[in-house]
Number of protein chains: 2
Amino acid sequence: MTRAAVVDSAAALGSGEGLDGLSIGRIASELGLSKSGVIGHFGSKENLQLAAVEAAAQRFRAEVWDPVAGEPAGLTRLRALMEAWLSYLEREVFPGGCFLTAAAVEFDDRPGAVRDAVAATWTLWLDVLEREAARAQAQEELASEISPRQIVLQLNAYVMAGNWNKQLFRQPEALTPSRVAIDRLLEMRPLPASRSSPP
Amino acid sequence: MTRAAVVDSAAALGSGEGLDGLSIGRIASELGLSKSGVIGHFGSKENLQLAAVEAAAQRFRAEVWDPVAGEPAGLTRLRALMEAWLSYLEREVFPGGCFLTAAAVEFDDRPGAVRDAVAATWTLWLDVLEREAARAQAQEELASEISPRQIVLQLNAYVMAGNWNKQLFRQPEALTPSRVAIDRLLEMRPLPASRSSPP
DNA sequence: CCTACCGATCGGTAGG
DNA sequence: CCTACCGATCGGTAGG
């Protein structure tokens, strides 16, 4: 289906040059189509942008969320989610870094449907993480002195900063400080737990 | 001087709509000038973008760095720098949030002079923070179990995430979690210091 | 600093 | 999905 190819191209181009910098003519020449062949499926550039956001969100879910759904709820799954998230950045699923981070920064000052879609996607994802953090605390796997919200905002900060670091400075070890920070935060145990190593 | 007005306008517009989305025609109409009156001072759009980055860096320095230079080196100055940084975001010095964060995300995939200037500015700033963190550790005001680099990357993550949070979700308390995280990190003392309260 | 203009590209439409 | 086209805007230049 041509429509899917157009959306994929828009998401790939958008992650690098921006979701608004992307032009219909560029996508058309990239895919060997005419401009009307590109825009015909969507009616307007904004609808195309919305479709790209939707596709990026589904891709994120498929790459980060789904593979981890089988992990035990709580700290184990939270750790797995964070590692899957970092791995998704390392694998460069989108050529220009995290699509939804770039789109958030680009559209945060432009009221409209695209901005709303990006914000809603982020809210959904942060809520997933928060639920897992709360669960980890309820299971006494994680200290309760910090609220689940605060934990999630810090985890998000580490990943966002890692993505930024990687994209701007192009260092191979750009995500290591993020991993260190995440591990430190998630190692905060509710008690100085003495754990017996399995035989 | 007209040139300064053009640069200011470019920096203000660029923080919101992006440094590349900004157009010479828009700046011209904003200032009541002709397009050639705008571009004549710079020769090319890229030179104008470079001038805007330079101006934003000077502004950042004037708003965040200079006011704090008189504080005692070490933890005190590091705390003051972080608070000045958050205050600069709260005061909305640039209408579209931190100019240099937006520019970093926008240009991280576009090799060229603008990208290099943005990266160099960030390196400078992170080095300032790192030096102060190292000083704080040398003065035994801050635990040494985390490297100065790691501390600075975490501090940077909190501020970046706060800026992102503020811009995307428009909540008045958007920076509070950043403050909490910063305080927690900088409260890590080298010893369980018993402090006598002043009379 | 201006007017006047260049070729190129933009988003989008008409008609098929 | 195509060709052909619309008005608008882009960065930049010529000439003053």
**OP:** May I ask you to decide if L78(A)'s main-chain N or O and E132(A)'s side chain share a donor-acceptor pair within less than 3.5 Å?
**Re:** no
**OP:** Can you tell me the distance, in whole Å, between the CG atom of L22(A) and the C1' atom of dC10(C)?
**Re:** 12 Å
Subject >> Aromatic contact, F60(A) with W125(A) (centres under 6.0 Å) >> reply: yes
Original post:
Considering only dT13(D), dG12(C), dC10(C), which nucleotide approaches the side chain of S44(A) most closely?
Top reply: dG12(C)
**OP:** Look at the aromatic rings of F94(A) and F99(A) and report parallel, tilted or perpendicular, splitting at 30° and 60°.
**Re:** tilted
Subject >> Atom pair distance, as rounded to whole Å: CG in L13(A) and C1' in dC10(C) >> reply: 16 Å
Original post:
How many Å lie between NZ on K35(B) and P on dG12(D), as a whole number?
Top reply: 10 Å
**OP:** Identify which nucleotide among dT3(D), dG12(D), dT3(C) has an atom closest to any side-chain atom of S34(A), counting heavy atoms from C-beta outward.
**Re:** dT3(D)
Subject >> d(CG, N47(B); P, dG11(D)) in whole Å >> reply: 14 Å
Subject >> Atom-to-atom span, CD1 of I24(B) to P of dT9(C) - whole angstrom >> reply: 17 Å
**OP:** Consider the side chain of S36(B), meaning its heavy atoms from C-beta on, and name the nucleotide among dG11(D), dT3(C), dG12(C) that approaches it most closely.
**Re:** dT3(C)
Subject >> R26(A) or G43(A), whichever maps to the more 5' nucleotide of DNA chain C >> reply: R26(A)
**OP:** Using a heavy-atom cut-off of under 4.0 Å over every strand shown, decide if I27(A) touches base, sugar-phosphate, or nothing.
**Re:** nothing
Subject >> Residue pair R3(B) / H41(B): nearest heavy atoms and the distance that separates them >> reply: NH1-O, 3.5 Å
**OP:** Would you indicate what L31(A) reaches in the nucleic acid, counting non-hydrogen atoms under 4.0 angstrom: base, sugar-phosphate, or nothing?
**Re:** nothing
**OP:** Check the distance between dC10(D)'s P and L48(B)'s CG and give it to me in whole angstrom.
**Re:** 14 Å
Original post:
In terms of ring plane angle, is the pair W122(A) and W85(A) parallel, tilted or perpendicular, where the classes change at 30° and 60°?
Top reply: tilted
Subject >> Pairing partner of dG15(D) (Watson-Crick or G-U wobble, both distances under 3.5 Å) >> reply: dC2(C)
Original post:
How is G40(B) classified with respect to the nucleic acid when contacts are heavy atoms under 4.0 Å: base, sugar-phosphate, or nothing?
Top reply: nothing
Subject >> Length of the line joining D20(B):CG and dC10(D):C1', which is rounded to integer Å >> reply: 11 Å
Original post:
Once you round it to whole Å, what is the distance between C1' of dC10(D) and NZ of K45(B)?
Top reply: 8 Å
Original post:
Between the base of dC10(D) and the side chain of S23(B), is there any donor-acceptor pair under 3.5 Å?
Top reply: no
Subject >> Identified pairing partner of dG7(D), criterion: Watson-Crick or G-U wobble below 3.5 Å >> reply: dC10(C)
Original post:
Closest to the L33(B) side chain: dG11(C), dC2(C), dT13(C)?
Top reply: dC2(C)
